[in-house]
Amino acid sequence: MSDSPRRDLNPNDPSNLPPLSDADLHIPDHPVMVPEPAPGGSVIRVVEYPGELNPRGFLIVCTACRANRDWLLLETRGRVFVRCRCGYEWEEGELDIDFFEANFSYADRSWADAEKALTDLGFGGEFAGIYFN
């Protein structure tokens, strides 16, 4: 006779469920829906980058506010731009499309207006001097 307490075999009790197999743990792929640009517009992909950027062997610093981390990386037409929370933005030639792709996973939101997107993401200038990451 066992010293362990007797369990009722309630099928709704999660402790009575069998272990999951590797097949059960698969998360299905979701198609990336990239919106079509408005006439005269373009698609801009963005990724928040919380760390420091050091592509040339020295730290990138925002020339407007001296921030050194917590960036928004923007990609359009194969060119990569860096945007600071103070709202300052510049093309960073040392960050190529491969670097962007390595940090971009998938489009999870879209905006019809770029300025609205920047404000919603906290990079419209209203959080100058603040790090969130």
Side-chain angles (χ1 to χ4, degrees):
M1 185 156 193
S2 171
D3 292 333
S4 62
R6 184 172 172 257
R7 252 200 245 169
D8 291 330
L9 296 177
N10 178 350
N12 296 322
D13 180 0
S15 63
N16 289 326
L17 295 175
L20 294 173
S21 70
D22 288 341
D24 293 329
L25 295 175
H26 174 72
I27 299 171
D29 294 331
H30 295 283
V32 175
M33 300 299 292
V34 177
E36 288 295 319
S42 63
V43 172
I44 301 171
R45 297 185 306 156
V46 300
V47 66
E48 293 180 79
Y49 192 85
E52 298 175 340
L53 291 170
N54 191 3
R56 295 170 281 189
F58 62 90
L59 186 64
I60 290 179
V61 176
C62 175
T63 58
C65 75
R66 310 301 299 158
N68 62 13
R69 61 185 171 88
D70 196 15
W71 308 108
L72 186 68
L73 304 179
L74 301 97
E75 183 275 328
T76 185
R77 298 180 182 152
R79 297 168 54 200
V80 179
F81 297 81
V82 176
R83 188 171 181 99
C84 180
R85 291 218 182 257
C86 76
Y88 186 69
E89 181 181 312
W90 67 95
E91 182 176 5
E92 184 55 61
E94 298 297 323
L95 297 178
D96 59 15
I97 191 68
D98 292 333
F99 180 84
F100 184 88
E101 292 292 347
N103 289 283
F104 184 81
S105 56
Y106 60 91
D108 63 350
R109 294 173 274 183
S110 66
W111 291 266
D113 177 73
E115 292 304 316
K116 174 88 169 111
L118 295 172
T119 301
D120 287 354
L121 291 169
F123 288 89
E126 61 279 357
F127 295 114
I130 297 173
Y131 293 125
F132 285 105
N133 297 307

If I take atom [atom1] from residue [X] and atom [atom2] from residue [Y], how far apart are they, to the nearest 0.5 angstrom?
X: Leu73; Y: Glu48; atom1: CG; atom2: CD; result: 10.0 Å
X: Lys116; Y: Leu121; atom1: NZ; atom2: CG; result: 10.0 Å
X: Asn68; Y: Ile60; atom1: CG; atom2: CD1; result: 11.0 Å
X: Leu74; Y: Leu118; atom1: CG; atom2: CG; result: 6.5 Å
X: Cys62; Y: Trp90; atom1: SG; atom2: CH2; result: 5.0 Å

If you define the side chain from C-beta out and look only at heavy atoms, does anything of Phe100 sit under 4.5 Å from Leu95?
no

What closest approach, in Å, do [X] and [Y] show between heavy atoms, and which atom pair accounts for it?
X: Phe99; Y: Leu53; answer: CZ-CD2, 3.8 Å
X: Leu59; Y: Asn54; answer: N-OD1, 3.7 Å
X: Trp71; Y: Cys84; answer: CZ3-CB, 3.8 Å
X: Thr119; Y: Glu126; answer: O-OE2, 3.4 Å

Residue pairs passing the salt bridge (charged side-chain N to carboxylate O under 4.0 Å, His left out) test with at least one member in residues 94-103, sequence neighbours excluded, are Arg45-Glu101

Can you list the other members of the hydrophobic cluster that holds Phe58, where links are side-chain heavy atoms under 4.5 angstrom apart?
none

Has Arg83 got a side-chain atom pairing as donor or acceptor with Phe123's backbone, closer than 3.5 angstrom?
yes

Under the ring-ring contact (aromatic ring centres under 6.0 Å, His included) test, residues paired with Phe81 that sit two or more places apart:
none

